[in-house]
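Remarks on the structure that follows.
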Amino acid sequence: MKQSSGFFPTLREAPKEAEAKSHVLMLRAGLIRQLAAGLYIYLPLGWRALRNVEAIVREEMDAAGAIEVLMPSLQPDLLWKQSGRWDVMGPEMMRLQDRNEREFVLGPTHEEVITSLVASEIRSYRDLPKNLYQIQTKFRDEIRPRFGVVRAREFIMKDGYSFDVDDDGAGVSYQAMYDAYARLFHRCGLTAMPVEADTGVMGGSRSHEFMVPAEIGESEIVSCGACDYRANRELTESSAPESVSSANALPLEEVHTPNQRTIEEVAAFLKVEPASMIKTLIFTDGEKPFVVLMRGDCAVNEIKVAKAVGKPVELASPETIQQVTGAPVGFAGPVGLTGVDVWADLSIKSIGVGVTGANKADYHLKNVAIDRDFTVDRWADLRLAEPGDVCPKCGKGTLSMTLGIEVGHVFVLGTKYSTALNAVYTDEKGERRPMVMGCYGIGVSRTLAAVVEENSDDKGIVWPVTVAPYHVHLLNLSPKSEEVTKASAELYDGLRAAGFSVLLDDRDERPGVKFNDADLLGLPYRVIVGEKGLKSGQIEFVQRKSLEKEPIAPADVIARVKGLYAEELSRFTP
RNA sequence: CGGGGUGUAGCGCAGCCUGGUAGCGCAACUGCUUUGGGAGCAGUGGGUCGGAGGUUCGAAUCCUCUCACCCCGACCA
């Protein structure tokens, strides 16, 4: 492709709306342009790179036995009402009506559609297992679109769904996808690490997220320094601390704590450690409020709470808190609370005798003893893991935390959707049973952003050969010179005949402009044809990675590119 | 949804406080020179100052409303 006749707009300065490295580079290099918040146009370079990612995904999915289909983005309300998610999904799901006021959804995902398809087409164990996938546009009205294509409202996703006869079969399907994901992210030039992940309130037994470490990552990954434990912080377990006896507690004492509301304020005011305070949080599960007790120096993991309760939960409003505790926010405590369930984190057992709110404005209680002064209805691990915690798996190492971009998620779903949408089969004995499902997602457009995020330097993108929109950037430094143009054309044809995609910079621009644009675009191999060198039969070859220039004879260019390409490709192929 | 910020030429910005009819750099266009790391000189074109309403003789500037985009938060009592 000739740069002069294509559509390759570059930006000299970074647009002010972009902050993330990948966002800035994708805008500047002319991969994308923003249409509105969370909506992006893919320009030719971005679209080519995106299609390369898609091709890798397809190859690996097909190789793993998955079958490609394409489902509509627009979906009827009925399926969502059947699965129960019409009500669960909330405003994140884009809803609209047709001219007859029938309700539709712009699909945020496709479990409902695929399950109804399979339900109507597959009836026998003989037809199972099946693994179907698609690469398609998804819509989610994100609470806050961010970082360009990393969190968009319309984005491209590979979503796959497996249907098996039983849990064992689902495990096999799951593992095949897990392995395919590891291969395919590696091929994209990403260090994507699988991390144990939350299966959500919906249930499901196994789940891993594939995370690319990045500054702008929105997920917190916890990993052990001593063993191979890696997990999303959301689901990292906390081991129970040792219990401390409260047998010798002094009598309960009310203390005046005017305007001291937070743990820090009260701890400082009463000169006690936050670790000896009982933090009292009022949650609601949508129907009724309940209480969660947490040691003052620890944070509550809301996901763990939701799992323990079995429903989505949120912190209660100040009004509800007033109702439950009889006091304004900041003075809640478990002593004397009635009519609500009291959950307590295991860490509470290590307090023994503590300090907590008195359920009365501007008062706290000292010498609070567990069992003597209040009772706990249920104990559970509800604590948010912190860096420095002891590893819950090996018990030896300590945990550290990094941020990651979630590029893929594999999931054993179980029978939730097959039951709701009647995807059942008849087994060998003639019994009807629900299929056991798995689902497997890849944020394809986000993966592209992750590739840029991970592969760049201060001058621009440094594409891995597998995803690069073109293999070779051929710079004709003197388009007005017949010899240079002729030599460039020959190289262009030769490289293409050898199977490489080539971007030919034939623009009437100064060399400096071309060099800077080439650095920005970041194509792996650069061939520079200039007037001076050509006179002595020499041109120049540059690898984008190193930016080191090597003189080369035109006749040797193809062999050089071939050699490097083969070498590099082998590095990206597991 | 809450808080903060920004909207002025294609891009990046100044002007706003203290009202007087819009400017800088880059880009674009023309000419000449230049041609291996974002050229020089000379010239040209381009702006509903996000939108609506108001105050005023007069509004980019002050006031009200509104829209868009960005950032932080939407979990700790």
Rounded to whole angstrom units, what separation is found between the CD atom of A:Glu483 and the P atom of B:U35?
-> 17 Å
Testing B:G37, B:G12, B:A74 for proximity to the side chain of A:Phe515, the answer is B:G37
Verdict with supporting geometry, A:Ser347 and A:Arg295, side-chain hydrogen bond (donor to acceptor under 3.5 Å, both in side chains) | CA-CA 6 Å; A:Ser347 61; A:Arg295 205 172 70 190; 4.9 Å; no
Nearest-angstrom distance, C1' atom, B:U55 to B:U64 | 11 Å
Within the structure shown, what part of the strands sits under 4.0 Å from A:Pro328 by heavy-atom distance: base, sugar-phosphate, or nothing?
-> nothing
How is A:Ala332 classified with respect to the nucleic acid when contacts are heavy atoms under 4.0 Å: base, sugar-phosphate, or nothing?
-> nothing
With A:Arg233 as partner, the option from A:Glu209, A:Glu218, A:Glu220, A:Glu196 fulfilling salt bridge (charged side-chain N to carboxylate O under 4.0 Å, His left out) is A:Glu220
Is there a Watson-Crick or G-U wobble partner for B:C49 with both distances under 3.5 Å, and if so, which one is it?
-> none
How is A:Thr280 classified with respect to the nucleic acid when contacts are heavy atoms under 4.0 Å: base, sugar-phosphate, or nothing?
-> base
B:G3 and B:U21: how far apart are their P atoms, nearest whole angstrom?
-> 38 Å
Across every strand shown, the nucleotide meeting Watson-Crick or G-U wobble geometry with B:C17 (both distances under 3.5 Å) is none
Looking at every strand, decide which applies to A:Arg295 at a 4.0 Å heavy-atom threshold: base, sugar-phosphate, or nothing.
-> nothing
Tell me what A:Glu17 touches on the nucleic acid: a base, only sugar-phosphate, or nothing, going by heavy atoms under 4.0 Å.
-> sugar-phosphate
Check every strand shown and say whether A:Leu11 touches a base, only sugar-phosphate, or nothing at a heavy-atom separation below 4.0 Å.
-> nothing
A:Glu218 has an atom CD; how far is it from atom C1' of B:C71, in whole Å?
-> 13 Å
Applying side-chain hydrogen bond (donor to acceptor under 3.5 Å, both in side chains), run through A:Glu254 and A:Tyr363 and close with a yes or a no.
-> CA-CA 7 Å; A:Glu254 203 173 76; A:Tyr363 284 92; 5.5 Å; no
Who does B:U61 pair with, Watson-Crick or G-U, both distances under 3.5 Å?
-> none
From the candidates B:G37, B:G25, B:A74, the one with an atom nearest any side-chain atom of A:Lys459 is B:G37
When you measure from the side chain of A:Lys514 to the backbone N and O of A:Arg507, does any donor-acceptor pair fall under 3.5 Å?
-> yes
Keeping the roles fixed (side chain from A:Tyr492, backbone from A:Met1), state whether a donor-acceptor pair exists under 3.5 Å.
-> yes
Distance between the P atoms of B:C13 and B:U18, in whole angstroms?
-> 25 Å
Take atom P in B:U34 and the same atom in B:C41, then report the distance between them in whole Å.
-> 16 Å
Which residue lies toward the 5' end of RNA chain B, A:Pro511 or A:Glu264, if each is placed at its nearest nucleotide?
-> A:Pro511
Please work out if A:Ala36 contacts a base, only the sugar-phosphate, or nothing of the nucleic acid, heavy-atom cut-off 4.0 Å.
-> sugar-phosphate
Using a heavy-atom cut-off of under 4.0 Å over every strand shown, decide if A:Arg146 touches base, sugar-phosphate, or nothing.
-> sugar-phosphate
Gap between atoms CZ and P, on A:Arg28 and B:C26 respectively (whole Å) | 17 Å
Taking OP1 and OP2 of B:C76, is either one under 4.0 Å from a side-chain nitrogen or oxygen of A:Arg261?
-> no
Using the C1' atom in both, what is the distance from B:C69 to B:G50, to the nearest Å?
-> 10 Å
Using only side-chain N and O atoms of A:Gln34, determine if any of them is under 4.0 Å from OP1 or OP2 of B:C70.
-> yes
On a whole-Å scale, what distance lies between the C1' atoms belonging to B:A22 and B:A14?
-> 11 Å
Quick one: look up who B:G2 pairs with, Watson-Crick or G-U, both distances under 3.5 Å, and put none if it's unpaired.
-> B:C72
Give a yes/no on whether any side-chain N or O of A:Arg510 is located under 4.0 angstrom from OP1 or OP2 of B:G37.
-> no
Searching all strands shown, indicate the nucleotide that pairs with B:U30 (Watson-Crick or G-U wobble; both distances under 3.5 Å).
-> B:A42
Nucleotide of B:G38, B:C70, B:G25 approaching A:Asn516 most closely (side-chain heavy atoms) = B:G38
Just call it for A:Ile282: base, sugar-phosphate, or nothing, with non-hydrogen atoms closer than 4.0 Å on any strand.
-> base
Using Watson-Crick geometry (N1-N3 plus N6-O4 or O6-N4) or G-U wobble (N1-O2, O6-N3), each under 3.5 Å, B:G7 is paired with B:C67
Round to the nearest Å and state the distance from A:Glu314 atom CD to B:C76 atom P.
-> 13 Å
Separation of B:C69 P from A:His23 NE2 (nearest whole Å) | 13 Å
Measure the distance from CZ on A:Arg12 to C1' on B:A39 and round it to the nearest whole Å.
-> 10 Å
Mind checking A:Ala20 for me? I need base, sugar-phosphate or nothing, with any heavy atom below 4.0 Å counting as a touch.
-> nothing
In whole angstrom, give the distance that lies between atom CD1 of A:Ile216 and atom C1' of B:C72.
-> 16 Å
Using purine N1 to pyrimidine N3 plus N6-O4 or O6-N4 for Watson-Crick, or N1-O2 and O6-N3 for G-U wobble, each under 3.5 Å, what pairs with B:U55?
-> none
Show your reasoning for whether side-chain hydrogen bond (donor to acceptor under 3.5 Å, both in side chains) applies to A:Ser207 and A:His409.
-> CA-CA 7 Å; A:Ser207 175; A:His409 197 165; 2.6 Å; yes
Crowding at CD, A:Glu215 (>12 non-hydrogen neighbours, <6.0 Å) | no
Looking only at atom P, what distance separates B:G10 and B:G47, rounded to whole Å?
-> 8 Å
Answer yes or no: side-chain N or O of A:Lys549 and base N or O of B:G37 forming a donor-acceptor pair under 3.5 Å.
-> yes
What's the closest nucleotide to the A:Val513 side chain, out of B:A74, B:C75, B:G38?
-> B:G38
Modelled atom types, side-chain donor and acceptor of A:Asp506 and A:Ser488, under 3.5 Å = no
Measure from CZ on A:Phe283 to P on B:C75 and round the result to the nearest Å.
-> 9 Å
Salt bridge check: are A:Asp141 and A:Arg153 linked by an N-O gap of less than 4.0 Å?
-> yes
5' priority, RNA chain B, between A:Lys279 and A:Leu547 [closest heavy atom] | A:Leu547
Interatomic distance at C1', B:C29 relative to B:A9, whole Å = 14 Å
Just call it for A:Lys514: base, sugar-phosphate, or nothing, with non-hydrogen atoms closer than 4.0 Å on any strand.
-> nothing
Would you classify A:Glu531 as touching base, sugar-phosphate or nothing, given that sugar-phosphate means primed atoms plus P, OP1 and OP2, and contacts are heavy atoms under 4.0 Å?
-> nothing
Report the base-pairing partner of B:C24 (Watson-Crick or G-U wobble, both distances below 3.5 angstrom), or none.
-> B:G12
